[in-house]
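Heads up, the thing below is written out as structure tokens.
Since the structure is predicted, the reported quantities are computational estimates derived from the model, not experimental observations.
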Amino acid sequence: MDYVELAAEFLVKMNCLHKARFNKRINEAVAGEGFVLSYIALQGGDVLPGEIGHKMGVSTARVAMALNSLEKKGLITRKIDVSDRRKILVGITLEGKLLAEKNYAAALDGVSKALSLLGAYDAREYVRITGRLVELFSDDGAVKGL
């Protein structure tokens, strides 16, 4: 099999999907402020900014920007950890939790509609192959075995 030719075809098709804004709702749910809100909501309590950065795979500066924006919007809170005053704990407000739930529901709706267009077999295969790609890539983004 010519993997280079297949990769070139794949890149063209991914570009077409990008232009069609196929992944807009997904990106909003799994990146940036949407991810931060969802992550804090799922933790059910206060989290450290470093945890968020580690899960997102982004710098502390990027996390700080997202947290500043979310705090200005009244969606999160920050407070000093009473057990270690050097640490800041990030919590979520009721408004933030409701927005996180709304964003997740919208992403779930969009993806389920897209998968339904593929049909049952192709949808299962797409999810299976995506899962396989996740297995092949390590946490640092490097391909295992290379």
Identify, with sequence neighbours excluded, every residue that meets side-chain hydrogen bond (donor to acceptor under 3.5 Å, both in side chains) alongside K79.
D46
Is the CZ atom of R78 crowded by more than 12 outside heavy atoms at less than 6.0 Å?
yes
Restricting to non-hydrogen atoms, name the atom on L6 and the atom on M1 that form the minimum distance, rounded to 0.1 Å.
CD2-SD, 3.7 Å
If you look at every heavy atom in I40 and V90, which pair is closest and at what distance?
CD1-CG1, 3.4 Å
Who passes side-chain hydrogen bond (donor to acceptor under 3.5 Å, both in side chains) against E125, sequence neighbours left out?
R128
Side chains of L75 and L37: does their closest heavy-atom pair fall under 4.5 Å?
yes
Between I52 and Y39, what is the shortest heavy-atom contact and its length?
CG1-CD2, 3.8 Å
Minimal heavy-atom distance between G53 and V63, with the atoms involved, is CA-CG2, 3.4 Å
Worked check of salt bridge (charged side-chain N to carboxylate O under 4.0 Å, His left out) between R85 and D81:
CA-CA 5 Å; R85 298 189 54 77; D81 185 345; over 6 Å; no
In terms of heavy-atom contacts, A41 and A100 come closest through CB-CB, 4.3 Å
Quick one: closest heavy-atom pair of R62 and G32, and the distance?
NH2-CA, 4.2 Å
Side chains of E71 and T77: do they bring a donor and an acceptor to under 3.5 Å?
no
Salt bridge (charged side-chain N to carboxylate O under 4.0 Å, His left out) contacts touching residues 4-14 (sequence neighbours left out):
E9-K13
